[in-house]
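These notes concern the structure reproduced below.
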Amino acid sequence: MSRESLLELQHVSKRYVMGEATLDALKDVNLTIYRNEYVAFIGPSGSGKTTLMNIVGCLDKPSSGSYILNDTPVADLDDNALARIRNREIGFIFQNFNLLGRADALRNVMQPLIYRGIPLSERKHMATETLQNVGLGDRLHHLPNQLSGGQRQRVAIARALVGKPSILLADEPTGNLDSSTGRDVMAMFDNLHKNGHTIIIVTHDQNIANHCRRVVRLMDGQVLSDTDNVAKVGNQEAMRRV
Amino acid sequence: MYNLLESLRSAFQSIRAHALRSFLTTLGIIIAVMSVITVVSLIQGFSQSVTSIFSKMGANGLLITSEETTEDYLAGKVVKITPDDLQAIQHQITGISKITPVLILAGNGSGAVQYGDQTAYSSIYGTTSSHASNSSFYPVMGRYLTPSDDFSHRRVAVIGQTLLKDLDLPKDPIGQYIGMFGQWFKIIGVLKKLGTIAGQDQDDRIYMPYGTAHSLLGASKVPDIQIDLEVNDLKDIDSVAGRITELLRRQHNLKPGQDNDFQVQTSAQVTGTINKIFNMITLVLGGIVSISLLVGGIGIMNIMLVSVTERTREIGICKSLGARRSDILLQFLIEAVTLSLIGGIIGLLLGYGIGMLVAHLVPQFLGAHVPWWAVVLSFGFACGIGVVFGIAPAAKAASLNPIDALRYE
Ligand SMILES: Nc1ncnc2c1ncn2[C@@H]1O[C@H](COP(=O)(O)OP(=O)(O)OP(=O)(O)O)[C@@H](O)[C@H]1O
Ligand SMILES: [Mg+2]
């Protein structure tokens with residue numbers, strides 16, 4: 001495996017200020033992720049997983065510390081450069097999906113392609129294909145509120161995957177899915193990973209965590225442990241269980 | 001270019017997706033623009049009709065009327081332009097081509113007129129033949145007053161067309177006799193139809209020879225007359241008016257420093273006065289309708305602001321998917337401009353349409369006139385509000401971190 005560093009968090013902290021009270025969601029996190037890694041962030045609820053993902057996905061900025069992506073400090077990038085990274089490099093699956101409420105499934109999935117300048121007919125084709133891959137080929141024109149929780153999650157997954165981003169950030173991507181659909185989704189991630197993409201998943205599911213090559217465990221905004229599964233015996237077994 | 005096309009597409013999708021909001025926004029603009037345009041176009045059209053009728057008076061005309069000052073009024077003094085004044089002007093002022101006295105026997109439709117067993121009320125004037133050069137005194141039947149009618153104090157009358165109906169006169173009324181002030185008058189002519197101005201029937205009028213009218217009053221009573229005159233040369237109009245003013249001040253024994261108890265107005269001044277009045281009406285009514293503009297504007301503002309939460313989240317999502325600030329601003333700008341333009345144009349057409357309709361229903365109305373400033377004002381205001389309040393929240397949201405926009409409450 002190549003050990004080319006893709007992203008690096010150096011002493012990253014995130015502090016939320018709510019009037020008088022402050023809350024440190026991340027405390028001095030140091031983490032390096034290499035190209036084509038397959039990483040799971042695990043940890044109890046409220047441990048800062050989503051906060052960390054938002055920073056990695058260039059959606060939020062750390063309160064202190066620096067985040068270096070592709071050898072460039074993100075703090076140095078202007079709005080347009082960040083938009084370009086979000087659009088081309090990163091596919092983000094939100095924990096709460098964040099679908100456009102008034103756009104049907106197809107338009108939700110086509111949305112990121114607009115900012116890439118892909119013509120309408122091609123956008124439609126790509127989005128339809130991706131939705132078919134997540135098993136929603138017959139729900140193209142349903143609005144989010146006409147879809148089940150799991151279907152919405154799959155629209156969110158399709159939207160993140162449609163542009164074949166080099167980094168996939170998935171915040172609990174299988175939380176609402178039955179085990180068989182979850183397996184299909186994981187198979188799609190595996191496929192991306194095989195093609196050289198980097199994948200980071202937040203999960204509570206130990207099976208999925210074991211399926212990943214590397215597991216970062218968070219606790220109270222700090223990295224508790226960072227283990228490499230590949231070295232671990234029984235990994236093959238875990239993979240089969242997923 | 002490609003960007004613009006996509007933004008247009010997004011804007012139209014968004015307009016369709018938020019159908020109710022889009023409708024309410026345009027409705028606010030429609031109502032605001034429509035009411036301003038309707039009211040302003042009607043007043044302006046009306047003012048133009050009136051001015052055009054008065055301007056028939058001719059540019060080199062002068063109008064002399066008595067004018068009571070507050071002092072006179074308080075002193076109980078009745079001010080008059082008398083036949084003596086008329087004579088003095090006739091004899092002493094040069095440069096006048098035509099002079100026409102008008103003696104108001106019964107103003108404002110207060111004179112009783114009889115024919116057979118019908119009685120009608122009309123305005124009755126005594127005047128001379130020189131009126132006839134003004135087109136509103138052209139007879140459509142019979143003839144107008146002649147100098148010999150005046151000279152011989154003939155009991156003849158020229159009537160307006162309303163009298164034909166009110167008195168139930170025969171189709172050809174020439175030669176019929178009507179009763180006024182206890183005397184019989186032969187109808188010698190029927191005047192051209194003028195219609196209604198400011199709700200006043202211009203055809204409800206009767207003219208008899210000035211001399212006849214004068215003798216009707218009896219020798220003891222000095223009438224208050226109005227004098228229409230025309231100067232030979234337009235250049236001299238101010239000097240003639242000045243000389244007449246001096247003469248009348250002498251005639252009326254006014255001391256230096258005392259106000260005139262009469263007015264000498266040029267026709268340009270008369271139209272000017274009318275214009276001034278109408279401009280004032282336009283301003284006052286326009287001001288009232290501007291309130292509807294404001295209300296419409298507040299409505300637009302309200303709708304735009306209420307949708308901010310929803311839209312901020314939407315912007316957060318788009319930003320997280322890679323939208324640049326310019327993508328978002330362009331989309332919202334196009335959306336706001338489109339809604340405002342649609343609303344503005346519909347409002348403009350409706351306002352103009354209503355103006356035209358009213359103009360059509362009211363005879364003698366020259367037609368609605370929409371001044372450019374009313375269009376600019378209403379359109380600019382409504383669209384300005386639509387655009388500012390449409391994109392200001394978008395501009396703010398577009399500069400947030402995507403995650404902050406997503407969390408916006
Ligand atoms: N906008 C915010 N303002 C204040 N506090 C926040 C905000 N967002 C998150 N937090 C706090 O930061 C901590 C970490 O939140 P985070 O969403 O990262 O947890 P998580 O690990 O993703 O939890 P879960 O597994 O339940 O999704 C929590 O205690 C939360 O209350
Ligand atoms: Mg979370």
Side-chain angles (χ1 to χ4, degrees), chain A residues 14 16 25 50-62 74 78-104 106-120 123 143-144 156 159-160 162-163 165 169 171, chain B residues 1-23 25 303 306-332 334-335 394-409:
Chain A
K14 182 74 188 178
Y16 291 113
T50 298
T51 307
L52 185 59
M53 283 294 251
N54 288 341
I55 290 172
V56 171
C58 299
L59 301 177
D60 207 353
K61 299 214 158 107
V74 169
D78 67 7
D79 191 73
N80 283 352
L82 284 174
R84 198 187 154 84
I85 290 173
R86 287 178 205 123
N87 188 227
R88 311 222 169 192
E89 307 286 334
I90 295 171
F92 203 104
I93 302 167
F94 290 95
Q95 193 169 12
N96 58 352
F97 321 139
N98 279 334
L99 299 179
L100 292 166
R102 293 181 189 268
D104 61 23
L106 186 64
R107 273 187 44 214
N108 262 291
V109 178
M110 289 195 307
Q111 195 71 20
L113 303 178
I114 291 178
Y115 307 120
R116 251 188 229 202
I118 294 173
L120 180 65
R123 286 210 296 272
L143 292 174
R159 189 175 64 182
V162 71
L169 303 177
D171 199 347
Chain B
M1 197 53 228
Y2 178 79
N3 231 331
L4 193 68
L5 184 73
E6 281 308 328
S7 304
L8 260 172
R9 202 169 356 221
S10 299
F12 280 107
Q13 271 167 357
S14 172
I15 288 173
R16 218 170 333 132
H18 306 90
L20 183 64
R21 180 174 66 218
S22 308
F23 171 70
T25 309
I303 293 157
V306 164
S307 62
V308 163
T309 312
E310 183 189 37
R311 310 221 86 178
T312 302
R313 275 187 57 81
E314 197 181 304
I315 290 168
I317 294 171
C318 291
K319 281 205 83 172
S320 78
L321 298 176
R324 283 167 305 177
R325 204 180 314 195
S326 57
D327 292 323
I328 287 163
L329 286 182
L330 196 59
Q331 184 201 320
F332 276 73
I334 291 172
E335 193 183 321
K396 194 166 151 248
S399 59
L400 291 174
N401 266 340
I403 214 72
D404 292 331
L406 280 169
R407 271 200 285 255
Y408 187 89
E409 295 295 343

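Below, chains carry the letters A, B, ... as their sequence lines are ordered, and counting in each starts from 1.
- With sequence neighbours left out, A:F94 forms a ring pair (Phe, Tyr, Trp, His ring centres under 6.0 Å) with A:F92.
- At least one side-chain heavy atom of B:I403 sits under 4.5 Å from a side-chain heavy atom of B:R407.
- Side-chain contact between A:D60 and A:T51: absent, with no pair of heavy atoms (C-beta onward) separated by less than 4.5 Å.
- Looking only at heavy-atom pairs under 4.5 Å with chain B, the residue among A:K61, A:R159, A:Q111 that has the most is A:R159.
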Extract all donor-acceptor atom pairs below 3.5 Å that involve side chains of residues 320-330 of chain B and protein atoms in other chains or at least two apart in sequence.
{"unit_1": "B:S320", "atom_1": "OG", "unit_2": "B:I317", "atom_2": "O", "d": "2.7"}
{"unit_1": "B:R324", "atom_1": "NE", "unit_2": "B:D327", "atom_2": "OD2", "d": "3.4"}
{"unit_1": "B:R324", "atom_1": "NH2", "unit_2": "B:D327", "atom_2": "OD1", "d": "3.3"}
{"unit_1": "B:D327", "atom_1": "OD2", "unit_2": "B:R324", "atom_2": "N", "d": "2.9"}

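- The contact between A:N54 and chain B is made entirely by side chain atoms (from C-beta outward), counting heavy-atom distances below 4.5 Å.
- Neither the backbone nor the side chain of A:I90 has a heavy atom closer than 4.5 Å to any heavy atom of chain B.
- Within residues 80-88 of chain A, the residues that have a heavy atom under 4.5 Å from a heavy atom of chain B are A:N80, A:A83, A:R86, A:N87, listed by number.
- Between B:R9 atom CZ and A:I114 atom CD1 the span is 8.0 Å, to the nearest 0.5 Å.
- When the salt bridge (charged side-chain N to carboxylate O under 4.0 Å, His left out) test is applied to B:R21, the partners found at least two apart in sequence or on another chain are B:E310.
- Contact of B:R313 with chain A is made through the side chain alone, with heavy-atom distances under 4.5 Å.
- Using a 4.0 Å cut-off between charged nitrogen and carboxylate oxygen, B:D404 and B:K319 do not count as a salt-bridge pair.
- Contact annotation: the side chain of B:H18 approaches that of B:R311 to within less than 4.5 Å [non-hydrogen atoms, C-beta and beyond].
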